[in-house]
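Input: a single structure, listed below in structure tokens.
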Amino acid sequence: MGSSATEIEELENTTFKYLIGEHTEIMWQRLKGILRCLVKQLERGDVNVVDLKKNIEYAASVLEAVYIDETRRLLDTDDELCDIQSDAVPSEVRDWLASTFTRKMGMTKKKPEEKPKFRSIVHAVQAGIFVERMYRKSFHLVGLAYPAAVIVTLKDIDKWSFDVFALNEASGEHSLKFMIYELFTRYDLINRFKIPVSCLIAFAEALEVGYSKYKNPYHNLIHAADVTQTVHYIMLHTGIMHWLNELEILAMVFAAAIHDYEHTGTTNNFHIQTRDLRNLVIEMVLSTDMSGHFQQIKNIRNSLQQPEGIDRAKTMSLILHAADISHPAKTWKLHYRWTMALMEEFFLQGDKEAELGLPFSPLCDRKSTMVAQSQIGFIDFIVEPTFSLLTDSTEKIVIPLIEEASKAETSPYVASSSTTIVGLHTADVLRRSSAKGSTNDGSFFPDYSLAAVDLKSFKNNLVDIIQQNKERWKELASQGETDLHKNSEDLVNAEEKHADTHP
Ligand code: CMP
Ligand code: MG
Ligand code: ZN
């Protein structure tokens, strides 16, 4: 008995040293040592119950310390979360932020099937090609017929307030297909890359089928259409489209459209012809995995200070990632609807977990989840830093382009760099497509030139809306949220009340 106490005490002495430091790895080793030691004692039968209990409690406290230390370490190295005040953010929200948006903990939580699979996307491309071959025999280029209501909703495609839900209704639940087709047309991608129209349409339809497979309230084709339009808005209004070449623009639109496509892929031998496109798309889609969020933000932040300049693929990834989490920066009506859809998706998962007798994942218990609090946390620690990095990065890239263009005598388009010439081409095409009146009524002639880029209002608009949304959640949070029914009623009432006073 005496010997067992000494063994543990020895461990205890060495362990506490490590509890203060950050040597998580060593702490884990110690913990393993303590547990092994306990097993040995049990095997020898030289332990009394009181000692055993004490030692197990001690092991539990070490485990807890390791957990806390590890969490803190993750949050410290990925320094965005480290200044969360423990009393400012409820522990559930904090745990959720840490487990979802950092690499290690997010990874352990995620089932492998939850990741988008590139192979299945290739499968969808293949399906598109196949259908195209079938159709080529009987048809020439088949365009996409736009219902009148679709044309009306697409008029706002260049706006931050674009209502993707309205497009989805107007198109009979085909918002993704129309979004893809419209942007491929506007950016002239169909001509530049000789994409057969029927192939593009078949591909978009195959994507829609994949997105609809699990009937998700949030991760469905509307979300894909939303992210695709948001990427377009960002490229257009930051002027980044003048910096990107056409292959990169294609990669951006394509990656946005497919980024959450989930489908169990079957074997296929289709090879994507352009390797560069494949690599860019893979990098961008992977960057939307939230477990890499803090690392991504940190890397890009650091690289902004570097003289070598900006990594193109990383910038493009940031645009897609920002678009993916952009709804808290959209008008309250859109943001609220997306939040409720996402919460419903989380709660459905929670229902399944309860059914299986599993513990709830963070934010998945419909009876206790603090929706408003979690949104404030999400905005504070995820959305704001991402958009601030986005505006800083785009400013660093675009301001020199604007200066270069304004120095040129003849037109704002004439510049020495080849990327600007590509920008000229794309801007030209965008202008022509709108002048044709297919998506605009002609009364308004948008200026897509670099000279028209207004980075200040791009930024201020975002900052203002995010702030307003945060205030609304704070109002709701202050009313308290304990059970979901009351909570959702509160939210709906508040929504209606607000709609009344702010038509
Ligand atoms: P996904 O679209 O795959 O990638 C971005 C993720 O951010 C998204 O899934 C959600 O898991 C998460 N997310 C987006 N919006 C919110 C929100 N308002 N609150 C909490 N999580 C969000
Ligand atoms: Mg995703
Ligand atoms: Zn997404």
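Counting starts at 1 for both ligands and their atoms, in listed order. In this text, all values refer to a predicted model and were calculated from it rather than measured experimentally.
Between Asp324 and Asp260, some side-chain heavy-atom pair lies under the 4.5 Å cut-off. With contacts defined as side-chain heavy-atom distances shorter than 4.5 Å, the pair Leu389/Leu304 qualifies. At least one side-chain heavy atom of Ser393 sits less than 4.5 Å from a side-chain heavy atom of Leu318. At least one side-chain heavy atom of His259 sits less than 4.5 Å from a side-chain heavy atom of His223.
Residue contacts with ligand 1, taken as heavy atom pairs separated by less than 4.0 Å, do not involve Ile382 at all. In Tyr218, the part holding a heavy atom less than 4.0 Å from any atom of ligand 1 is the side chain.
At a threshold of 2.8 Å, the Zn ion (ligand 3) has no backbone or side-chain N, O or S atom of His219 nearer than that distance. Between the Mg ion (ligand 2) and Asp324 there is no N/O/S contact shorter than 2.8 Å.
Interatomic distance, CZ of Phe360 versus CG of Asp365, reported as 4.0 Å (0.5 Å rounding).
Side-chain contact, Asp188 with Asn191: a donor N or O sits under 3.5 Å from an acceptor N or O.
Here is the list of ligand 1 atoms found below 4.0 Å of a heavy atom in Ile325: 5 (C), 7 (O). Close contacts between ligand 1 and Asp260 involve ligand atoms 1 (P), 2 (O), 3 (O) [criterion: under 4.0 Å to a heavy atom]. Which parts of ligand 1 touch His327 is read off a 4.0 Å heavy-atom cut-off, strictly below it: atoms 14 (C), 15 (N), 16 (C), 17 (C), 18 (N).
The aromatic rings of Trp332 and Tyr336 sit tilted, their planes meeting at an angle between 30° and 60°. Ring geometry, Trp338 versus His327: the interplanar angle falls from 30° to 60°, so the pair is classed tilted.
Checked against a 3.5 angstrom limit, the closest N/O atoms of His259 and ligand 1 fall outside it.
The atom name of the N/O/S atom in Asp324 closest to the Zn ion (ligand 3) is OD1. Restricting Asp260 to its N/O/S atoms, the shortest distance to the Zn ion (ligand 3) is reached by OD2.
Taking atom 4 (O) of ligand 1 as the reference point, the nearest protein heavy-atom neighbour is Asp324 OD2, 2.9 Å.
Contact annotation: His321 has no heavy atom less than 4.0 Å from any atom of ligand 1.
Evaluated by nearest non-hydrogen atom to atom 16 (C) of ligand 1, the leading choice among Tyr336, Phe346, Phe378 is Phe378.
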